[in-house]
Amino acid sequence: MNHQNLFPFQKLDAYRVARELAQRVHSAKIRDRELRDQATRAAKSFFLCLCEGLPNEGTGLRSKYFTEARNSLAETVGAMDLAATLGLVRREDAETIQALGSRLRRMLTALLR
């Protein structure tokens, strides 16, 4: 990706962590179609809500998008934890996603202030 053509929000750590987390959820390939669909949809949702909120200057809209992103992030992390508990994904993948999710949650909480 040509860094000269990036939008300013694409250079932020929150964006990069969210992108990596969504990619890892997709790559984990949960071995249950329904749970995989739920986890990947939630991961796409938190990433895209973050993308909508970051360039917004209005506090009301930023709050809306960041709250939605945080809620979808919780759903993603929960789905991965359940998948690991049921033996449908590697525990190491779920733990990595959990760590990235905790990091991103802290960023979203700070963005909501």
Side-chain angles (χ1 to χ4, degrees):
M1 183 180 294
N2 184 346
H3 292 286
Q4 292 177 344
N5 294 329
L6 293 178
F7 283 79
F9 72 87
Q10 289 177 292
K11 298 173 186 173
L12 298 175
D13 198 33
Y15 176 88
R16 292 171 189 245
V17 170
R19 185 180 62 193
E20 179 183 352
L21 201 161
Q23 182 275 321
R24 286 180 178 269
V25 170
H26 180 75
S27 295
K29 299 193 185 319
I30 298 170
R31 292 181 301 274
D32 176 272
R33 185 185 53 78
E34 183 180 2
L35 191 54
R36 182 178 58 250
D37 178 60
Q38 192 80 14
T40 57
R41 281 188 300 112
K44 292 171 189 173
S45 179
F46 77 68
F47 179 76
L48 295 175
C49 283
L50 180 68
C51 290
E52 286 185 279
L54 285 172
N56 245 300
E57 293 183 15
T59 56
L61 283 176
R62 284 176 67 90
S63 178
K64 172 191 179 300
Y65 290 124
F66 295 153
T67 297
E68 289 175 11
R70 196 170 56 180
N71 292 345
S72 291
L73 175 63
E75 181 181 7
T76 302
V77 169
M80 289 301 298
D81 185 42
L82 179 60
T85 299
L86 298 176
L88 301 171
V89 72
R90 290 175 358 128
R91 173 61 63 187
E92 299 81 24
D93 291 338
E95 289 173 359
T96 298
I97 288 165
Q98 177 73 40
L100 286 168
S102 293
R103 185 173 166 203
L104 184 57
R105 181 180 42 86
R106 288 190 299 275
M107 292 179 198
L108 287 167
T109 299
L111 288 167
L112 279 163
R113 290 189 185 123

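All residue numbers refer to positions in the sequence shown, counting from 1.
Note that CZ of Arg36 is 9.5 Å distant from NE2 of His26, once rounded to the nearest 0.5 Å. Here the CZ atom belonging to Arg19 is positioned 7.5 Å from the CD atom belonging to Gln10, to the nearest 0.5 angstrom. The distance from atom CD of Gln23 to atom CG of Leu100, rounded to the nearest 0.5 Å, is 10.0 Å. In this structure, NZ in Lys44 is found 14.0 Å from SG in Cys49, a value given to the nearest 0.5 Å. Glu75 contributes atom CD, which lies 4.5 Å from atom CD of Gln38 (distance to the nearest 0.5 angstrom). Interatomic distance, CZ of Phe66 versus CG of Leu111, reported as 4.5 Å (0.5 Å rounding).
Closest approach of Val77 and Gln98 over heavy atoms only: CG1-OE1, 2.9 Å. Contact record, Leu73 with Gly101: CD2-O, 3.5 Å, taken as the closest heavy-atom pair. When every heavy atom of Ala69 is checked against every heavy atom of Leu50, the shortest pair comes out as CB-N, 4.1 Å. Across Val89 and Ala84, no two heavy atoms sit closer than the pair CG1-N, 3.4 Å.
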Assess the residue pair Leu86 and Arg31 against the criterion (side chain to side chain contact (heavy atoms under 4.5 Å, CB included)); give the C-alpha distance rounded to whole Å, side-chain angles, the decisive distance to 0.1 Å, and a yes or no. CA-CA 10 Å; Leu86 298 176; Arg31 292 181 301 274; over 6 Å; no
Test side chain to side chain contact (heavy atoms under 4.5 Å, CB included) on Lys64 and Leu61; report intermediate values, then the result. CA-CA 5 Å; Lys64 172 191 179 300; Leu61 283 176; 4.3 Å; yes
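A donor-acceptor pair under 3.5 Å links the side-chain atoms of Arg62 to the main chain of Asn56, judged by distance alone.
Looking at Leu104 and Arg70, their side chains never come closer than 4.5 Å, going by heavy atoms from C-beta outward. Side-chain contact between Phe46 and Leu108 is absent, with no heavy-atom pair separated by less than 4.5 Å. Counting heavy atoms from C-beta on, the side chains of Ile30 and Met80 come closer than 4.5 Å. In this structure, Leu112 and Thr67 have side chains that are in contact, with non-hydrogen atoms separated by less than 4.5 Å.
The pair Glu20-Arg16 does not count as a salt bridge, with every side-chain nitrogen at least 4.0 angstrom from each carboxylate oxygen. Ion pairing of Arg41 with Asp37 is present here, as a side-chain N (NZ or NE/NH1/NH2) and a carboxylate O approach within less than 4.0 Å. A salt bridge links Arg103 with Asp13: at least one charged nitrogen is closer than 4.0 Å to a carboxylate oxygen.
Heavy atoms from other residues, nucleotides or ligands lying under 6.0 Å from CD of Glu92 number more than 12.
Side-chain atoms of Ser72 and Glu68 include no donor-acceptor pair closer than 3.5 Å.
With respect to Leu54, the side-chain contact (heavy atoms from CB on, under 4.5 Å) criterion is satisfied by exactly one of Phe7, Tyr65, Phe9: Phe9.
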